[in-house]
Amino acid sequence: MNVVETFGKVVEKAAAKSPSLGRGVLRTGWELEDLAFQYRPHRESYPADQYLAKLMMDAMLAPLRSPDESAVCSIFTPCELVHEAGLHPYNVEAMSCYLSASFAEQGCIQAAEDDGLSDTLCSYHKTFVGAALNGLLPRPRCIVYTNVTCDANLLTFSKLADIFEVPSFMIDVPMSVTDESVRSVTDQLHELKAFLEKTTGRPIHDDDLASRVARSQRTLQRFETYQRERADKYVPADLVTPLYSAMTANILLGTPEEEDYVEKCLRDLETAPPKKGKTIYWMHTIPFWSSATKDYFLFKEKAQIVGDELSEVCNSDFPTTDPYEGMAYRMVHNALNGPIERRINAGIRHAKDVHADGVVWFNHWGCKHTLGASRIAQKAFQEAGFPTLLLDGDGCDRAHGGEGQTSTRLGAFLEMLEA
Ligand code: SF4
């Protein structure tokens, strides 16, 4: 048993004795990890990715340090409003990943299933709900979520509102990508402003919000430039950096820190050597915990993951004269909203930007829309010239298993790309 595995067991035991003890142990462990990112960053990573690892750890610690100044959010919530309300985004998917990385997800999943959640529900949701049920995660000030792009959100977030007994706000984004949908979401975002002002007792100033949303646009534009310019360059990659970048591109969008990260990425490219090995564009979440996946992609020159769709679901081409309309446009035009062709076409465009040699479509267990679209996606990517692997697995729940199959399928796919 390695040290992190032992840590997970200690967290679970402590939480069983007393929720506050469990929270204390979890927070202490993450604080130590945060110090390690600061003083002993991963030497193989470039400076931008070292900065990102710390940025993400800080974002995870903020709700543990000040839960009453935090709002539980789903990944595609427009967090500019949450930040302007002075709240930290307390993100469900990311928290579940960190619990999994700390080997503490199994007890949470079990608690959620014991409470009646189906074993076919996505493990990100079950992990967070279980952690809320057993008191490992603290009570937030409020909850803000959206149905983009996940139907499971409707169940999970209303359940979380009951568990934590806090007010919640849902942004209902219609599936049709039309101006009328943008108007409907714009109205809801004005209501969200009023909700957050009432919940926190703090006013949100539209001028400050407009500057923040303009920064979001600049950041997305620069990230698009980065993705295009990294084609044919070698940037050492691990399995978590694309996930971190997917998280911060959503929950920290509009912050100066996220803008700094993207500028650092561009600076790193100035000295990056030419491309080495095969490059993979990854669709959906990444099983960062899987040894089989690490064997092929963890700082390997033979093959790297050079982009993940979740960091590129929002284009930078949204209007900014009215920040509410801009955020609404971004939500409605999210690549994962509407018919599946929108998601697939965005993936093909982004895979072309980075000159990917192949694509992996990851069928995360429990993610119905990803599983349901996989065959159509494979055909479309292949017709666009990208050999595409459909890989089954679970991004969060290690008990899902299937390591042997993951290794065989990834190995055969990379061999095929080399041939
Ligand atoms: S993996 Fe799928 S089901 Fe799970 S949170 Fe993401 S979109 Fe929802």
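Atoms within a ligand are numbered from 1 in the order they appear, just like the ligands themselves.
Of the protein's non-hydrogen atoms, His284 NE2, 4.2 Å is the one closest to atom 6 (Fe) of ligand 1.
Listed by atom number, the atoms of ligand 1 under 4.0 Å from His369 heavy atoms are 7 (S). With ligand atoms numbered from 1 in the order given, ligand 1 contributes 1 (S) to contacts under 4.0 Å with heavy atoms of His364.
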Let's go through Ile109 and Leu117 carefully: what are the C-alpha distance in whole Å and the side-chain angles of both, what is the deciding distance for side-chain contact (heavy atoms from CB on, under 4.5 Å) to 0.1 Å, and is it a yes or a no? CA-CA 9 Å; Ile109 290 174; Leu117 292 191; over 6 Å; no

Check the pair Phe413, Ile280 against side-chain contact (heavy atoms from CB on, under 4.5 Å), reporting the backbone distance first and the verdict last. CA-CA 11 Å; Phe413 183 61; Ile280 300 295; 3.9 Å; yes

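For Tyr329 and Phe318, the distance between ring centers is not under 6.0 angstrom. Taking the centre of each ring, Tyr90 and Phe128 come in below the 6.0 Å mark.
The count of protein N, O or S atoms under 2.8 Å from atom 8 (Fe) of ligand 1 stands at 1, with waters excluded from the count.
In this structure, a donor-acceptor pair under 3.5 Å is present between the side chains of Thr241 and Asp238.
Using a 4.0 Å cut-off between charged side-chain N and carboxylate O, Glu69 and Arg202 make a salt bridge.
Distance check, rounded to the nearest 0.5 Å: CD1 of Ile171 to OG1 of Thr77 gives 5.5 Å.
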